[in-house]
Amino acid sequence: MKKTIIVRILVGVMAICLSILTLTIAYFFNADIKTKEPKKKITECKIHTYTYRERNIFTITQKNGEESDNQKYIIYFHGGSYVAEATQNHWDFLENIVKDTGYTVIMPDYPLTPKYHYQDVYNMIEPLYKEIVENVGSTNVILMGDSAGGGLALGLYEKMAEETVALPVKTILISPWLDVRLENKKIQEIEKRDTILNKEALKLAGIAYAGNDGINSYLVNPIVGDVSTLQNIKIFIGTDDILNPDCHLLKEKANTVNGEVEIKEYENAKHIWIIDHNSEEEVTKQAYHDVIEELKNS
């Protein structure tokens, strides 16, 4: 027991130090961290990259490039605590989604902190969402994201609802970060089981992302937004994830005001376990299958 506690303390300290180092280096060198096309080339699908408001937009399509009359488009926001770019796991996960659904995935390289803050992110993704909806229709658009990207997807949903813009047909959130303040007392119960995330390290990234005026904004913490507007929101979360309690809190708040939030919870699953396509664990395979079924039923 003592060894376990010591290991967790060391891991936590290392995570905090790494976060501080990353943020410090990015700050002093004014680093503009950007997602690039994957180092390991995608072979089963095609990637097209174009520039939008000085950032890259990646579209992943079937290799034959054919689209059906009722083609669906997934706008996907990658995770990374608003600090890190998309990983190879993200690329592999999205390639599999395109292969297994036939849908087109659109992944914006949104601005990352500490050089940029939440206002810069929304200044990019709001007009992008509106243009996509105008071009293909909201009934063909699915919002999706993991971790910080899940929080961003929900914040965008609430912003579009506030502006009475047509909403996506479905929103799928994987281990979403719904409140960067991490004040939910139930987090303490899960911290001992979560070997992926560190609360204090996350809070540092959240403060940087929020900037001078956003720490209490619903755009940064969608859990405090108008949850009565939420419809067809699907959350995939593991029990061993410190972000789990806020997912249940969101569902509770939404359900009391006629919002619609459904949680698919997986026992002993860690943070964003679904995107690990190399995993042979049954809980990962089952969750991925469930995501694909949810997408196909959109």
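Only a predicted model underlies this, so the values are computations on that prediction, with no experimental measurement involved. These values consider heavy atoms only, across backbone and side chains, with no hydrogens, waters or symmetry-generated copies.
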So the salt bridge (charged side-chain N to carboxylate O under 4.0 Å, His left out) pairs with at least one residue in residues 73-87 (sequence neighbours excluded) are none
- Task: Flag the pair E262 and K251 as a salt bridge only when some basic side-chain nitrogen lies within less than 4.0 angstrom of an acidic carboxylate oxygen.
- Result: no
Do the side chains of R55 and D32 get close enough for a salt bridge, i.e. N-O under 4.0 angstrom? yes
With a 4.0 Å cut-off on N to O distance, would you call K40 and D92 a salt bridge?
yes
Value for CZ (F58) from OH (Y50), rounded to nearest 0.5 Å, stands at 11.0 Å
- [ ] Let me see the working for N56 and T35 under side-chain contact (heavy atoms from CB on, under 4.5 Å), right down to the final yes or no.
- [x] CA-CA 8 Å; N56 282 335; T35 291; over 6 Å; no
In short, salt bridge (charged side-chain N to carboxylate O under 4.0 Å, His left out) pairs touching residues 151-174 with sequence neighbours left out are E126-K159, K130-E163, K159-E163, K170-E294
So OG1 of T113 and OH of Y82: to nearest 0.5 Å the spacing works out to 10.5 Å
Which of D179, V180, L154, N184 passes side chain to side chain contact (heavy atoms under 4.5 Å, CB included) with I223? It is D179
If you count heavy atoms of other groups shown closer than 6.0 angstrom to CD of E37, is the number above 12?
yes
Exercise for review: Assign the ring pair H78 / Y110 to parallel, tilted or perpendicular, where the plane angle (0 to 90°) is split at 30° and 60°.
Suggested key: parallel
One should read off an interatomic distance between T284 OG1 and Y266 OH, to the nearest 0.5 angstrom, of 10.5 Å
Checklist entry - Is any side-chain heavy atom of I142 closer than 4.5 Å to a side-chain heavy atom of K234? => result no
Exercise for review: Decide if atom CG of N135 counts as having more than 12 heavy atoms of other residues, nucleotides or ligands within a radius under 6.0 Å.
Suggested key: yes
task: Taking atom types as modelled, find out whether Q119 and N123 have a side-chain donor-acceptor pair closer than 3.5 angstrom.
output: no
Tell me yes or no: between the side chains of H48 and T61, is some donor less than 3.5 Å from an acceptor? no
Closest non-hydrogen contact found for S228 with V257 is CB-O, 3.5 Å
Would you say the side chain of W273 lies within less than 4.5 Å of the side chain of E281, judging by non-hydrogen atoms? no
Requested in this report: Go through I190 and T239 one step at a time and tell me if the side-chain contact (heavy atoms from CB on, under 4.5 Å) criterion holds.
Outcome: CA-CA 8 Å; I190 300 178; T239 59; over 6 Å; no
Correct closest heavy-atom pair for Y157 and T171 would be CD1-OG1, 3.5 Å
Between D146 and Y76, is there a side-chain donor-acceptor contact under 3.5 Å, judged purely by atom types and distance?
yes
Q.
Less than 3.5 Å apart, any donor N or O on the side chain of R193 or N268 sitting next to an acceptor on the other?
A. no
